[in-house]
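Down below is the structure, laid out as C-alpha cells.
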Amino acid sequence: MKNPNYLNELNESQREAVECTEGPVMIIAGAGSGKTRVLTYRIAHLLNKGVDAFNILSLTFTNKAARAMRNRIEAIIGSSEARNLWMGTFHSVFAKILRFEAEKIGYPNNFTIYDTDDSKSLIKSILKENNLDEKVYKPGMVLSRISAAKSSLISPQVYMNDSEAISHDRSSGKPLLGEIYLKYNTRCFNSGAMDFDDLLFNTNVLLRDFPDVLYKYQNKFKYILVDEYQDTNFSQYVIVRKLASLFENICVVGDDAQSIYAFRGANIQNILNFEKDYPDLHTFKLEQNYRSSKVIVNAANSIISNNKEQLDKTVWTHNEEGEKIKVMRALTDNEEGALVANSIFTTKMNQQRRDKEFAILYRTNAQSRAMEEALRKLNIPYRIYGGLSFYKRKEIKDLLAYFRLAINPNDEEALKRIINYPMRGIGQTTVEKIILAANEQGKRIWEILENPLLVNNVVGGGTAAKIDSFVTMIRSFNLELKTKSAYELAERIAMTSGILRDLSEDKTPEGVNRTENIQELMNGIREFSESEAPDENGEAITRLRTLDEFTQDIALLTDADEKDKENLDTVSLMTIHSAKGLEFPFVYVVGLEENLFPSQLSLNSRSDLEEERRLFYVALTRAEKQAFLTYSTSRYRWGNLTSCEPSRFLEEIDSQYLEFEGFDRKAPKPSNDHQYNDMDWENFRRPSNGNGNGYSQYKAKPAAPKPAYTPPVVPKNLVNVNKASSASFTADDAEAIMKLQSGMQVEHEKFGIGKVLNVEGMLPNKKATVFFEGVGQKQLLLKFAKLKIINP
DNA sequence: GTGTAATGCTATTGG
DNA sequence: AGCATTACAC
C-alpha cells in the first residue's frame, strides 16, 4: 500500500461515499465537488479491502477518463493490479464483450463498427435503391430516428408495429421510416457491421437471450460503478440494471444539473428514478466545490436556479471570492475573436500565466474559426479539440477502410470507399450492380465478388478482370492478418493499394499534409506493434500485435482520447460539450447570443431550453479563477452578416457577479459601419425580476460610445494582410492592406515567397503586382489574396 | 469512367 | 463561405 492514509484525503461526505461499498449507492455530485476523486478512491478502497480487480466494472464517459483513473488508482494502491479493472466507456467495454460473444447472436467476432459517416452513407444507398427522395428522408434525420429507436431498445419489427411511431412518421410525411430502419439493420448485419447504438442494443439482446451469458457477467462484475449517470440512455440503463441485479453493488455518480445529452437519448429519469429501482439505496451528496471561486460558484447557482426540474442541492465553496465575471461585447465575430485573444494576451502578461491555463468554449464548432484567426495574429499557440478529428480525415479513413476490408471483406461501406480508390476503373455503376445483385440473391457482397461466374453475370469482361485483381489483393492482405505485425501489414497495404503513390503525386500543401497524416497514422501503428499486449489475465506479454487488433482498438476512439497532448502549453478551444469534466483557471465562453446560445432549435420547448441552460452551467463551472463571457452584435452565418441579440443567459446571472468591460449595458447599441437590419435595441429585454432596476448600478452614458477596444499589437513580421474569406473589412485587415508597399517581401499560399513590385487602386479593390520566384509576375487583388508580409 | 463546372446545402451538441 | 453533390463534357 503506497498511501495507507488515503481516506484522510477526503472530506466527510466524500469519505462516506467511498466507504459505503456494499449495496446500491447514488452519489449526487455538484460541479467541481471531487466526483472523479470519489470514484477513484472508491475503487482503490475496494481493492484495498481485497476485492479482485477482475470483479470491478467501471463505466466512464471517455476512455481518457478511464485511463486517468486507472493511473491514479495505481498511484494510490501502489501496484499494477489496477490494470485488471474493467474500465472504459459503455461502448468500448461492451464492444469488447461482444467480440467474445458475437457468434451467439449471429455476428462474426471480427465485426466492423460503423461510424456516423458509414451509417449515413448506407442510408443514402438504401434511399437511392428505393427511389426515395433524400430531401424528404434526410440521411442525418433518418439516422437519428433509428438511433433514438435503438437507444430505447425498439427493434425495426417493434417500430413498424408501434402506433406512436407510425403516426409520428405519417404526419411528418415519412411513412417509410420503419422499412428503411429494417433494411438498414439487415444491411449492417449482412456486412458484419454494428453501428454505435448496435453495440448497446446487441449487448441487450445477448443478455436477454442467453441467460448463461448474463449469469457469467453478473458474477464477473460484482461491483459496478457508473460515472456521468445523468447522461445514460435507456439501453445503457437496462444493461446496468441487469448486470447489477445479482449483487446490487451498484454505484452511480452524476449531477442532474450537468445533463447535456438528452438530445442523443440520455434520460435524466435514470438518475431521478434510481431510488425507485433500489429502495434500500444510500444517497450521498457532494456539495462542496473545490474548483472555482465564490463568484463563479454563486453565479452558476444563480443561472441554474432558473431551471424548474432539478434535484435539491446547494453547491458552495470555501475558495476565495475571486474576480467578477467579465462581460465583453464585440461588433462582429472577428472582433469577438480579437477581443478574446487580446484579453488572453493581457491576462497572461499581467498575471504571468501559461497559455494552457486558458480555454475558449463555444456552442458550435463553426465558431472556432474567428477565435483561431485572432489567436494566430497574436502568435498565441492553441489547440482545437473536436472538429475534424484525426480519424475522420479522408486519407485516414481511406487507409483504414483497406484495413477494415482485409479484416471483414463483407464490410460494404469500406468496400464502397476504396474499391475505386485509387482509381482502378471500377466505377459507381459497377458497384451498384454488385450490391444490387447481392441483395437480390440474398448473398453477401464478397460472395459475389469472389465468384467469377457471378461477377460475369453482372458486369462486362473488362470490369470483371479489374474486380478479380482487386479481390486477389484484398485476399492477400487478409491472409497476412495473423502472420504479420500490424505495422508490417499496414505498410504493405499503404504501398500495394497505391494510396501512398496517389497522395505523393499531390504536391499542393494540402496534399503534402495528407501524406504527413498517413505518416502519423503509420507511426501510431508502429508504436502499437511494439507495445505489449495484455493476455486474458491482464498480464503484459510480448506477442505479435496484429492489424485487426489495432483497427478494433481505434474504432471507438474519440478526439477526447488523443493521448499525451495535454502537456502542451497551448490555449484550448472546444465546444462546451467536449469541455465536460475538464477545468481551466481562465475560461472564455463566447457567442452568448440569442439563437446561438441558447440555440435557435432549443427555443420551442421548456426542456430543450433547460438543457441549454445546463450547458451554460457546465461552461461556467469549468472556470477556476475567472470567467469571461462575450457576445457580438453581428455575426456571419452562412455567408451573411446577421444581427444578434445578447443571450438571455446573461440576464439570468445575478448581476452582482458581473462586470461589463468597455461598454455600458444600458447604453444604446453602438452604430457601426456594417449594413444590416438594426434590431430593436431599445427593447433589449428589461430585467424581468419585477423591481425594474436590475441594471441601475450601471450608470448610463449619454452618448453611444464605440467599445473601448484597442486593436492588438500585431507582431510586425507576420502581418496577415487579409483573408480571402470575407468581402467585408475588419479594421485590422484594412490597415494591413494599407501598409502594403512595393519592395516588401510577401508570402502567398500558393505562389510562395515574392516581392511586391507595385501597389495600385483604392481600398476595396486595391491591387498589387508581385513577382514570385519560379512562378513569375502576378496581379493580385488584395481583398482575396492571402498575403503575408515577411519583410517590410 | 473520369474530370471539371455549376449548383445547392449547410451550422447544434457526440460515442 | 465552404463543402458536397450533381451535371455535363470528354
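If you're wondering where the values come from, they're calculated on a predicted model, not measured in any experiment. Proteins come first, then strands; the chains are lettered A, B, ... in the order of their sequence lines, and each starts at number 1.
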Residue-phosphate contact under 4.0 Å: [X] side-chain N/O, [N] OP1/OP2:
| X | N | answer |
| --- | --- | --- |
| A:Ser578 | B:dG14 | yes |
| A:Lys124 | C:dT5 | yes |
| A:Asn640 | C:dA1 | no |
| A:Thr62 | B:dG15 | no |

Query raised in the report: Which ones in residues 419-428 of chain A lie close to DNA chain B, meaning a heavy atom under 4.0 Å from one of its atoms?
Result: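 Going residue by residue through residues 419-428 of chain A, the ones with a heavy atom under 4.0 Å of DNA chain B turn out to be A:Asn420, A:Met423, A:Gly425, A:Gly427.
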Report task. For the pair A:Thr203 (side chain) and A:Leu199 (backbone), establish whether a donor and an acceptor sit closer than 3.5 Å, ignoring hydrogens and angles. Result ->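 Yes.
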**Report entry** Side-chain (A:His577) to main-chain (A:Ile260) donor-acceptor, under 3.5 angstrom
**Finding:**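 A pair under 3.5 Å: yes.
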Over how many whole Å does the gap from [X] atom [atom1] to [N] atom [atom2] extend?
| X | N | atom1 | atom2 | answer |
| --- | --- | --- | --- | --- |
| A:Asp333 | C:dG2 | CG | P | 13 Å |
| A:Leu601 | B:dA11 | CG | P | 11 Å |
| A:Ile576 | B:dG14 | CD1 | P | 10 Å |
| A:Gln258 | B:dG14 | CD | C1' | 17 Å |
| A:Asp133 | B:dC9 | CG | C1' | 14 Å |
| A:Asn202 | B:dG15 | CG | P | 20 Å |
| A:Leu641 | C:dA1 | CG | C1' | 13 Å |
| A:Leu98 | B:dG15 | CG | P | 19 Å |

**Report entry** First encountered from the 5' end of DNA chain B, between A:Thr430 and A:Glu611
**Finding:**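 On the 5' side of the pair lies A:Thr430.
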Report task. With DNA chain B as reference, determine whether A:Thr89 or A:Val431 sits nearer its 5' end, using the nearest nucleotide of each. Result ->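 The residue mapped nearer the 5' terminus is A:Val431.
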Test: [X] and [Y] ion pair at under 4.0 Å:
| X | Y | value |
| --- | --- | --- |
| A:Glu611 | A:Arg606 | no |
| A:Glu373 | A:Arg369 | yes |
| A:Arg635 | A:Glu593 | yes |
| A:Lys150 | A:Asp198 | yes |

Query raised in the report: Using a distance-only test with no angle check, is there a side-chain donor-acceptor pair under 3.5 angstrom linking A:Tyr617 and A:Asn307?
Result: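 Distance-only check fails for A:Tyr617 and A:Asn307.
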Of the candidate nucleotides [options], which contains the atom at the shortest distance from the side chain of [X]?
| X | options | answer |
| --- | --- | --- |
| A:His91 | B:dT13, B:dG15, B:dT10 | B:dG15 |
| A:Phe196 | B:dG15, B:dT13, B:dA11 | B:dG15 |
| A:Thr575 | B:dT10, B:dG14, B:dG1 | B:dG14 |
| A:Thr116 | B:dG15, B:dA11, B:dT13 | B:dG15 |
| A:Trp638 | B:dC9, B:dT10, B:dG14 | B:dT10 |

Query raised in the report: Which is true for A:Lys466 with a 4.0 Å heavy-atom rule: it touches a base, it touches only sugar-phosphate, or it touches nothing?
Result: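 Here A:Lys466 touches no strand at all.
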Requested in this report: Have a look at A:Thr429 and say if it touches a base, only the backbone sugar-phosphate, or nothing, with a 4.0 Å heavy-atom cut-off.
Outcome: sugar-phosphate
Query raised in the report: When the P atoms of B:dA11 and C:dT6 are considered, how many whole Å apart are they?
Result: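 That atom pair is separated by 16 Å.
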Query raised in the report: For the residue pair A:Phe649 and A:Phe616, does the interplanar ring angle fall in the parallel (under 30°), tilted (30 to 60°) or perpendicular (over 60°) class?
Result: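 Answer is parallel, since the angle falls under 30°.
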Query raised in the report: Taking the six-membered ring for Trp, does A:Tyr261 stack with B:dT13 (centroid gap under 5.5 Å, planes within less than 30°)?
Result: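 It does not: the two rings, one from A:Tyr261 and one from B:dT13, miss the stacking criterion.
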